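These notes concern the structure reproduced below.
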Protein chains: 2
Amino acid sequence: MTATQELTKNQSLVFNALARADGPLSAYTILDQLRNDGFRAPLQVYRALDKLLDYGMIHRLESINAFVACAHPHTHSHGHGMIAFAICEKCGQVSEFSDDVITGRVREWTNGNGFKQSKTTIEIRGVCANCSTA
Amino acid sequence: MTATQELTKNQSLVFNALARADGPLSAYTILDQLRNDGFRAPLQVYRALDKLLDYGMIHRLESINAFVACAHPHTHSHGHGMIAFAICEKCGQVSEFSDDVITGRVREWTNGNGFKQSKTTIEIRGVCANCSTA
DNA sequence: TTGACAAATGTAATAACATCACATATCGAA
DNA sequence: TTCGATATGTGATGTTATTACATTTGTCAA
């Protein structure tokens, strides 16, 4: 499962809501945007989000309880390498990047400590270039 | 403000609850533990937590909405260097470490992109050595 | 000492985020 | 076609965090 067309109706609706947004959305914001499409309950959103996370098409930003469409689907669709997010607290814009050195250092620590990692969160909060010059 | 003795009553109660716990606690768990000490409302806990975070005496684990007493107060009480957490999903134990290389790479990215970072979260979820051998 | 400001506290209500439980529907393969 | 897996609909509930407002306590200078 990688192509957009293979998503179910609810998954497509949720994914498209995130894809057309210019920043992260909360589950409840998505719900509100999809009321006209027949969405009535949070669970409809959360279920779709879970699947989209599975498929690697979106990310969850733990530090702000929100979700974004993946910015570089092709780049890391094949799994390895952790992704870091820089989240602007002024405008809400999120930049996504991955860094092999960081990935390597984390892996060194986990290997050295017998820790089996399943998911790693790296989130940088601050103010983006645009917002700090303005 | 660095010494435990200078904390207010509520701050001490909350800090001690975290210090004697063997893992992270949620705000509401802390509240329940402190009912006998006169705590009645979430805000009493959250206000103390905010201060303790300010003072660098505790950390917030964003990915599990919980708080832990800082494991190495002396080490990073002087501010620089970001801290990473490895959180075991079986036993709840949290290991805290900091890595200058990771700190440096993050700073390179933020400097290169004009991003003024204020707080950085690094949380590794997985299973610790103890739990994976058991 | 007092009065005035800042910091801390108490309390109720509400907002924001997430899941449970249960019923129903849809689809693909045996 | 019938069975199982997946997806969906819906209400209720659970969990996490904040708002708003009143009161108390501590500090410090006049």
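Proteins come first, then strands; the chains are lettered A, B, ... in the order of their sequence lines, and each starts at number 1. Since this is a predicted model, take the numbers as computed values, not measurements.
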Heavy-atom pair with the smallest gap, counting every atom of B:S63 and B:I87: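 Minimum heavy-atom contact is OG-CD1, 3.7 Å.
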Nearest atoms (heavy-atom pairs only) where A:R60 meets A:E62: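 Shortest heavy-atom contact: NE-OE1, 3.2 Å.
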Given 3.5 Å as the limit, does a donor-acceptor pair link the side chain of [X] with the main chain of [Y], or not?
| X | Y | result |
| --- | --- | --- |
| B:T103 | B:M82 | yes |
| B:N113 | B:F115 | no |
| B:R35 | B:R40 | yes |

Spatial distance of atom CG (A:L7) from atom CG (A:L52) [nearest 0.5 Å]: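 Answer for the CG-CG pair, A:L7 versus A:L52, is 6.0 Å.
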Distance (rounded to the nearest 0.5 Å) between B:K119 NZ and B:L53 CG: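 It is 7.0 Å, given to the nearest 0.5 Å.
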Exceeds 12 heavy-atom contacts within 6.0 angstrom, atom CG of B:D100: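 Atom CG in B:D100 is not packed in, count stays at 12 or less.
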Within 6.0 Å of CG in B:N36, more than 12 heavy atoms from elsewhere: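 Open: at most 12 neighbouring heavy atoms sit under 6.0 Å from CG of B:N36.
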With the criterion being N/O to N/O and under 3.5 Å, what pairs connect the protein with nucleotides 26-28 of chain C, and how long is each?
none

Length of the line joining A:R60:CZ and C:dT19:C1', which is rounded to integer Å: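 It is 12 Å, rounded to the nearest whole Å.
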Distance, rounded to the nearest Å, where A:D50 contributes CG and C:dC17 contributes P: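 In whole Å, C:dC17 P and A:D50 CG are 16 Å from each other.
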B/S/- contact track for nucleotides 5-16 of chain C, protein heavy atom under 4.0 Å: ---SBBB-----
Where chain A begins and ends its contact with DNA chain D, read 5' to 3' at 4.0 Å from heavy atoms: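 Here the contact window of chain A covers D:dA7 to D:dT10.
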Mutual orientation of the aromatic rings belonging to A:F67 and A:Y46 [parallel < 30°, tilted 30-60°, perpendicular > 60°]: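 A:F67 and A:Y46: perpendicular rings.
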